[in-house]
Amino acid sequence: MSRTANAQAVYERLLPEAIAASQAAWCPHSDFPVGAALLTADDQIIRGCNVENVSYGLTNCAERSALFSAIAQGHAAGSFKAMLVYAPKVPLISPCGACRQVMQELMRADCPVYCVGHQASASRDWTIEQLLPGAFRF
Ligand code: THU
């Protein structure tokens with residue numbers, strides 16, 4: 001994976017935060033923890049994890065948890081610099097469709113999303129536009 005020096009620095013800053021976030025996951029139903037770390041315009045890091053429920057459809061993914069938390073803390077939609085998503089039980093994590101829809105509304109089209117599983121060498125760098133091209137908007 002070739003990244004600019006700045007992108008690599010952001011990746012290395014976000015990865016331990018996303019790992020820590022995954023350790024806070026509430027996932028008794030799937031036993032599949034996920035963590036997300038979101039870099040704000042003022043260089044804060046907002047963590048998110050998946051929070052499941054016995055009524056399965058109520059589950060919130062790590063990506064949406066991080067974004068909803070950031071918005072609730074007053075960070076503006078479209079202001080985020082990057083997100084890293086980490087899941088230790090797959091070689092490479094890929095955000096679900098629901099999260100992609102939410103991400104594209106709250107993050108700029110060129111915002112990087114670093115996806116990492118237990119095989120760090122398999123990590124993928126996406127942009128929001130690449131994750132959900134042609135997204136619904138009005
Ligand atoms: N999950 C996430 O939190 N993010 C993803 O990118 C994929 C899936 C969660 C939802 C559920 O709690 C568990 O992982 C298994 O699907």
Side-chain angles (χ1 to χ4, degrees):
M1 178 62 65
S2 67
R3 298 188 182 103
T4 64
N6 180 58
Q8 183 63 22
V10 168
Y11 177 93
E12 287 175 13
R13 189 169 166 221
L14 293 180
L15 182 57
E17 298 281 341
I19 291 172
S22 75
Q23 289 162 355
W26 174 252
C27 55
H29 308 292
S30 71
D31 194 27
F32 188 85
V34 185
L38 184 63
L39 187 63
T40 66
D42 58 352
D43 287 323
Q44 292 182 55
I45 295 173
I46 312 278
R47 294 181 185 176
C49 62
N50 51 333
V51 182
E52 298 185 344
N53 190 270
V54 66
S55 179
Y56 302 145
L58 301 182
T59 291
N60 218 35
C61 292
E63 297 90 325
R64 279 175 289 148
S65 295
L67 281 164
F68 294 162
S69 179
I71 294 293
Q73 290 174 50
H75 298 280
S79 68
F80 304 107
K81 289 182 174 174
M83 177 183 275
L84 189 147
V85 188
Y86 170 77
K89 295 207 168 167
V90 280
L92 172 65
I93 187 68
S94 183
C96 81
C99 284
R100 292 178 192 218
Q101 179 66 29
V102 171
M103 290 159 81
Q104 68 80 31
E105 184 155 324
L106 299 177
M107 301 165 77
R108 282 195 302 265
D110 63 350
C111 187
V113 181
Y114 304 110
C115 293
V116 192
H118 63 69
Q119 198 180 317
S121 62
S123 71
R124 292 288 304 266
D125 297 3
W126 301 101
T127 64
I128 293 296
E129 176 62 27
Q130 288 170 331
L131 285 173
L132 192 64
F136 166 65
R137 291 189 190 94
F138 74 96

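Remember, it's 1-based here, ligands and their atoms both numbered in the order they're listed. Residue numbers start at 1 and run along the sequence shown.
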Does S65 reach ligand 1, in the sense of a heavy atom lying below 4.0 Å from it? no

Is the closest heavy atom of C99 to ligand 1 under 4.0 Å? no

For ligand 1, which atoms sit closer than 4.0 Å to a heavy atom of S30? 13 (C), 15 (C)

Tell me which protein heavy atom sits closest to atom 7 (C) of ligand 1, plus the residue, atom name and distance to 0.1 Å. I93 CD1, 4.1 Å

Polar atom proximity, A62 to ligand 1 (N or O, under 3.5 Å): yes

Could you tell me if R64 and T59 have a donor-acceptor pair between their side chains, going purely by distance under 3.5 Å? no

C111 side chain reached by K81 side chain, heavy atoms, under 4.5 Å: no

Any atoms of ligand 1 less than 4.0 Å from a non-hydrogen atom of E52? List them with their elements. 11 (C), 12 (O), 13 (C)

How far is atom 9 (C) of ligand 1 from its nearest protein heavy atom, and which residue and atom is that? N50 ND2, 3.5 Å

Taking non-hydrogen atoms only, is S94 closer than 4.0 angstrom to ligand 1 via side chain, backbone, both or neither? backbone

What I want to check is whether the side chains of T40 and D42 have a donor and an acceptor closer together than 3.5 Å. yes

Flag atom 16 (O) of ligand 1 as yes if some protein heavy-atom distance to it falls below 4.0 Å, otherwise no. no

C61 contact mode with ligand 1 (heavy-atom cut-off under 4.0 Å): both

Determine, using heavy atoms of T59 and all atoms of ligand 1, whether some pair is separated by less than 4.0 Å. yes

Taking the side chain as everything from C-beta on, heavy atoms only, tell me whether I45 gets closer than 4.5 Å to L39. yes

Could I get the full list of side chain to side chain contact (heavy atoms under 4.5 Å, CB included) partners for D110, not counting sequence neighbours? R108

Report, one line per pair, each donor and acceptor closer than 3.5 Å where one atom sits in a side chain of residues 15-25; sequence neighbours left out.
{"residue": "E17", "atom": "OE1", "partner": "R47", "partner atom": "NE", "Å": "2.8"}
{"residue": "E17", "atom": "OE1", "partner": "R47", "partner atom": "NH2", "Å": "3.1"}
{"residue": "S22", "atom": "OG", "partner": "I19", "partner atom": "O", "Å": "2.7"}

Can any side-chain N or O of Q104 pair as donor or acceptor with the backbone N or O of A135 at less than 3.5 Å? no

Quiz question: by atom type and distance under 3.5 Å, do the side chains of Q8 and E12 form a donor-acceptor pair? yes

For atom 14 (O) of ligand 1, what's the nearest protein heavy-atom neighbour? Residue, atom name and distance, please. F32 CD2, 3.3 Å

With a 4.5 Å cut-off on side-chain heavy atoms, are P112 and D125 touching? no

Could you identify the single nearest non-hydrogen protein atom to atom 6 (O) of ligand 1 and state the distance to 0.1 Å? E63 OE2, 2.6 Å

Hey, which atoms in ligand 1 end up nearer than 4.0 Å to a heavy atom of P95? 6 (O)

